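Comments concern the structure below.
These numbers were taken from a predicted model, which means no experiment stands behind them. Side chains included, hydrogens not; waters and symmetry mates left out as well; all remaining heavy atoms used. Convention: sequence-line order gives letters A, B, ...; per-chain numbering from 1.
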Amino acid sequence: MQYWLIKSEPDKWSWDQQKAKGEAGEEWDGIRNYQARNNMRAMEIGDKAFFYHSNIGKEVVGVVEVCSDIHPDSTTDDPRWECVDFKAVCDIPQPVTLAQVKAEPRLEKMSLVTSMRLSVQPVTEAEWKVVCEMGGLKEPA
DNA sequence: GCCAACGTTGGC
DNA sequence: GCCAACGTTGGC
């Protein structure tokens, strides 16, 4: 079981839209970056990920779960691009902002800080717990 | 809206 | 295989 963080501009695909998909989940398409794709290839069904709003909000707003194996990205014919599906698990009661993450010494090595532009990133178990705690989740999701 | 950071593309 | 040009991301 591994942890991840996925980014979305709420203008394009918001947490509310993700939640509206419910158990069916939604294909995480549109990723056109090798490192991000490689991270998705490493995912397994049941892995958890933070849902981060970039640009507007700049905060971790929810938790999602991987609910499909890697498969071709339906928005392109280019066989290089693959993706997985995610379904919403729960809200973060108090969204954790980028500023808070940057201000927290335990998160200084988090990819969100060090690899700002990577849109699908790994999160360590230690980082996962810290963010859950900051977000007001009693039990790490 | 600007611009810095960084990934990708393409000419050589 | 190098590197300049270009496009995109994303914080501010």
Under 3.5 Å, side-chain donor or acceptor atoms of residues 28-35 of chain A against the rest of the protein: list the pairs with distances, not counting sequence neighbours.
{"residue": "A:R32", "atom": "NH1", "partner": "A:D73", "partner atom": "OD2", "Å": "2.8"}
{"residue": "A:R32", "atom": "NH2", "partner": "A:T75", "partner atom": "OG1", "Å": "3.1"}
{"residue": "A:N33", "atom": "OD1", "partner": "A:Q35", "partner atom": "N", "Å": "3.0"}
{"residue": "A:N33", "atom": "OD1", "partner": "A:A36", "partner atom": "N", "Å": "2.9"}
{"residue": "A:Y34", "atom": "OH", "partner": "A:R80", "partner atom": "NH1", "Å": "2.6"}

Does anything in residues 104-115 of chain A reach DNA chain B, meaning a heavy atom under 4.0 Å, and if so which residues?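 By residue number: none to list.
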
With a 4.5 Å heavy-atom cut-off, do A:N38 and A:R41 have their side chains touching? yes

Are any non-hydrogen side-chain atoms of A:F86 and A:M43 less than 4.5 angstrom apart? yes

Give a yes or no on whether a salt bridge exists between A:E133 and A:K129, defined as a side-chain N under 4.0 angstrom from a carboxylate O.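 No.
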
Give the table of side-chain donor-acceptor pairs shorter than 3.5 Å for residues 52-62 of chain A, with sequence neighbours excluded, one pair per line with atom names and distance.
{"residue": "A:H53", "atom": "NE2", "partner": "A:W15", "partner atom": "N", "Å": "3.0"}
{"residue": "A:N55", "atom": "ND2", "partner": "A:E9", "partner atom": "OE1", "Å": "3.4"}

So which protein nitrogen or oxygen atoms get under 3.5 Å of nucleotides 8-10 of chain C's nitrogens or oxygens?
{"residue": "C:dT8", "atom": "O2", "partner": "A:R117", "partner atom": "NH2", "Å": "2.6"}
{"residue": "C:dT9", "atom": "O4'", "partner": "A:R117", "partner atom": "NH2", "Å": "3.2"}
{"residue": "C:dT9", "atom": "O2", "partner": "A:R117", "partner atom": "NE", "Å": "3.3"}
{"residue": "C:dG10", "atom": "OP1", "partner": "A:K7", "partner atom": "NZ", "Å": "3.2"}
{"residue": "C:dG10", "atom": "OP1", "partner": "A:R117", "partner atom": "O", "Å": "3.1"}

Please table the atom pairs, donor to acceptor, closer than 3.5 Å between any side-chain atom in residues 116-123 of chain A and protein atoms at least two apart or in another chain.
{"residue": "A:Q121", "atom": "OE1", "partner": "A:L112", "partner atom": "N", "Å": "2.9"}
{"residue": "A:Q121", "atom": "NE2", "partner": "A:S115", "partner atom": "O", "Å": "3.4"}
{"residue": "A:Q121", "atom": "NE2", "partner": "A:L118", "partner atom": "O", "Å": "2.9"}

Tell me, please, which residues at least two apart from A:E27 pass side chain to side chain donor-acceptor pair (under 3.5 Å).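 Checked A:E27 against side chain to side chain donor-acceptor pair (under 3.5 Å); matches are A:S74.
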
